[in-house]
There are 2 protein chains.
Amino acid sequence: MNPIETLLDHKTIREFKPEPVPAELLQTLIDVSKRTASSQGLQAYSVIRITDPELKSAISKVASQEYIARMPELFIFIVDAYRNYCIGEEQHNATDVAYGGDTFFQGWTDACLAAQSLVVAAELNGLGTVFLGSILNDAPKTIELLGLPKYTFPVVGVGFGVPNVEPQLKPRIPTEYTLFENKYVAHEDYMELLKDYDAEMAEYYDTRNMNRKVDCFTKQVVTRFNNRRDVREQIGDQIRAQGFTI
Amino acid sequence: MNPIETLLDHKTIREFKPEPVPAELLQTLIDVSKRTASSQGLQAYSVIRITDPELKSAISKVASQEYIARMPELFIFIVDAYRNYCIGEEQHNATDVAYGGDTFFQGWTDACLAAQSLVVAAELNGLGTVFLGSILNDAPKTIELLGLPKYTFPVVGVGFGVPNVEPQLKPRIPTEYTLFENKYVAHEDYMELLKDYDAEMAEYYDTRNMNRKVDCFTKQVVTRFNNRRDVREQIGDQIRAQGFTI
């Protein structure tokens, strides 16, 4: 496959062969991720690579996903405004901007861009990847496990390795309802408009459970809305508890 | 260059040739971006493509970057929890989860991943790209210009086209201070540790002004901390004003 075909073939991989990612390839992926753009070049993010099996297991418990404990590689991307705060402090010049809302959200964006960059580089090298938003199931616990200081916050995990499954391509909402020209366009009859997409999704087998088909999309949305995860809903307070003024 | 070399050569491009991005290539980039992972598959983001020259010009004013008005392509990535809220409402099942903190932050992540995916696909096709965090210089104004409804929020812009400049590679903080194993590692002497990086950065010419070198990194941090942008600092309130409970 050429690189664009590889990207068009992106699927979440949750089961990997036990073999490790070769050190040289790992370094290349890290280098690609490091080269990603960051807001104003301030690089307000960091990455924690998890190699300790006990720690990996503890994170898999936070995420309620047992397969995380078996993943060859696990990287956690974090907002890191602490490093730049320290750089400012050393120069007696860390103002409240250091931990303000703008810094926080630009750091969150930096972390995501670097994570996606790592994922693309891994896929271009034949590896499989999974994003783990589930590290936020209990952000305070993740913060404790990783020893994160004030002015930092976990954003997303990325697991990767040699794929041991070949899932289907997961259908996407038709582009006409997600990409607009010049102005946002809202609809009042998505149930009707997304009928074909819903039908397509109902034929899809999720990588979480290969033995059963998933619900159609519009039902997935409602299921999500009725599955309130109280700790995750407190993310604003959790971010403020890390010292950010958002 | 092979695809990894292309990614390792990433530079921000702010000046483009006037030629348009061919329609077929544009569609490919959109398709790649659409294929990107999203949190729980909920695709809580959307994209606005700006083709109206007046609108582009108005956005360039928000961003205080005149070159934006001349960019061949400008895509604005937004958190979009409104579409899924509508889908829930049609089924009489849009709970407060629809516009809660978890939904908001996962939507922000979705938008960023899709944006980086577009950028990578563009670069693999020989185009140049620029991220525009500056659309948040005045988020309420951007929201007004794009006609964004409640439960949406602008995240980042991406400009792209055929490069008309060949900038230098911009130095990055050494990986040892941004990538940790198992636990975050803080230092107390970054000024000393980043001396070589500072020296390297002081030799770099920024794409914003090719005629003068930039400050060293540790000075850029302090300059940023002393350049408080009041409207941007209100991002938390701006997000809440869009209906999100964060």
Side-chain angles (χ1 to χ4, degrees), chain A residues 3 7-8 10 32 34-35 37 39 43 46-49 51-52 55 84 86-88 90-91 93-95 97-98 100-102 105-106 109 112-113 116-117 120 124 131 133 146-149 156 172-173 175 178-184 186 190-191 218 221-222 225 228 232-233 235-236 246, chain B residues 3 7-8 10 32 34-35 37 39 43 46-49 51-52 55 84 86-88 90-91 93-95 97-98 100-102 105-106 109 112-113 116-117 120 124 131 133 146-149 156 172-173 175 178-184 186 190-191 218 221-222 225 228 232-233 235-236 246:
Chain A
L7 301 185
L8 288 172
H10 162 80
V32 167
K34 280 287 291 186
R35 177 105 317 263
S39 178
Q43 304 160 74
S46 285
V47 187
I48 323 272
R49 180 186 174 210
T51 56
D52 173 3
L55 182 56
N84 286 348
C86 291
I87 290 168
E90 276 192 62
Q91 298 170 85
N93 252 308
T95 69
V97 169
D102 189 32
F105 280 97
Q106 293 311 301
T109 297
C112 292
L113 301 187
Q116 175 64 15
S117 200
V120 167
L124 290 174
F131 279 103
L146 304 180
L148 299 189
V156 73
R172 296 283 188 270
I173 299 173
T175 303
T178 66
L179 172 67
F180 312 111
E181 200 165 330
N182 296 317
K183 280 245 169 308
Y184 188 93
Y190 286 110
M191 294 303 288
T218 56
V221 169
V222 163
F225 288 168
R228 197 174 197 283
R232 285 185 70 125
E233 288 301 338
I235 185 166
I246 67 157
Chain B
L7 301 185
L8 288 172
H10 163 79
V32 167
K34 280 287 289 187
R35 177 103 318 261
S39 179
Q43 305 161 72
S46 284
V47 187
I48 323 273
R49 179 185 175 213
T51 56
D52 173 0
L55 181 55
N84 286 348
C86 292
I87 290 169
E90 276 191 62
Q91 298 170 85
N93 252 306
T95 69
V97 169
D102 190 29
F105 280 98
Q106 293 311 301
T109 297
C112 291
L113 300 187
Q116 175 64 16
S117 201
V120 166
L124 290 174
F131 280 103
L146 304 180
L148 299 189
V156 73
R172 296 284 188 269
I173 298 174
T175 303
T178 67
L179 171 67
F180 313 111
E181 200 164 331
N182 298 314
K183 278 241 168 312
Y184 187 92
Y190 285 109
M191 294 303 289
T218 55
V221 169
V222 163
F225 289 169
R228 198 173 196 284
R232 285 186 71 124
E233 287 302 335
I235 184 167
I246 67 158

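Quick note: numbers below take in every heavy atom, side chains included, and nothing from hydrogens, waters or symmetry partners. Being a predicted model, the structure only gives us computed values, none of them experimental. Each chain gets a letter, A, B and so on, in the order its sequence line appears, and its residues count up from 1.
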Who wins among [options] for the most heavy-atom pairs under 4.5 Å with chain A?
options	result
B/Ile246, B/Leu148, B/Val97, B/Val222	B/Val97
B/Gln43, B/Glu233, B/Gln106	B/Gln43
B/Thr175, B/Asn182, B/Thr178	B/Asn182
B/Ser117, B/Gly236, B/Cys112	B/Cys112

What part of [X] lies closer than 4.5 angstrom to a heavy atom of chain A: side chain, backbone, both or neither?
X	result
B/Phe131	side chain
B/Leu124	side chain
B/Leu179	both

If you tally heavy-atom pairs under 4.5 Å against chain B, which of [options] wins?
options	value
A/Leu7, A/Val120, A/Asn84, A/Val156	A/Asn84
A/Thr218, A/Leu55, A/Asp52	A/Thr218
A/Leu146, A/Asn93, A/Leu113	A/Leu113
A/Ala98, A/Gly100, A/Ala94, A/Gly133	A/Ala98
A/Arg228, A/Lys183, A/Gln91	A/Gln91
A/Arg35, A/Arg49, A/Gln116, A/His10	A/Arg35

How far apart are the closest heavy atoms of B/Gly147 and A/Tyr184, and which atoms are they? O-CB, 3.4 Å
Counting N and O atoms only, with roles assigned by atom type, does the side chain of A/Arg172 sit under 3.5 Å from a partner on the main chain of B/Lys34, one being a donor and the other an acceptor? yes
Is there a side-chain contact between B/Thr109 and B/Phe105, using heavy atoms and a 4.5 Å cut-off? no
Under 4.5 Å from any heavy atom of chain B - which part of A/Glu181: both
A/Ile235, part contacting chain B, at a heavy-atom distance under 4.5 Å: side chain
Atom pair CD1 (A/Ile87) and CZ (B/Phe225), whose distance is rounded to the nearest 0.5 Å: 8.0 Å
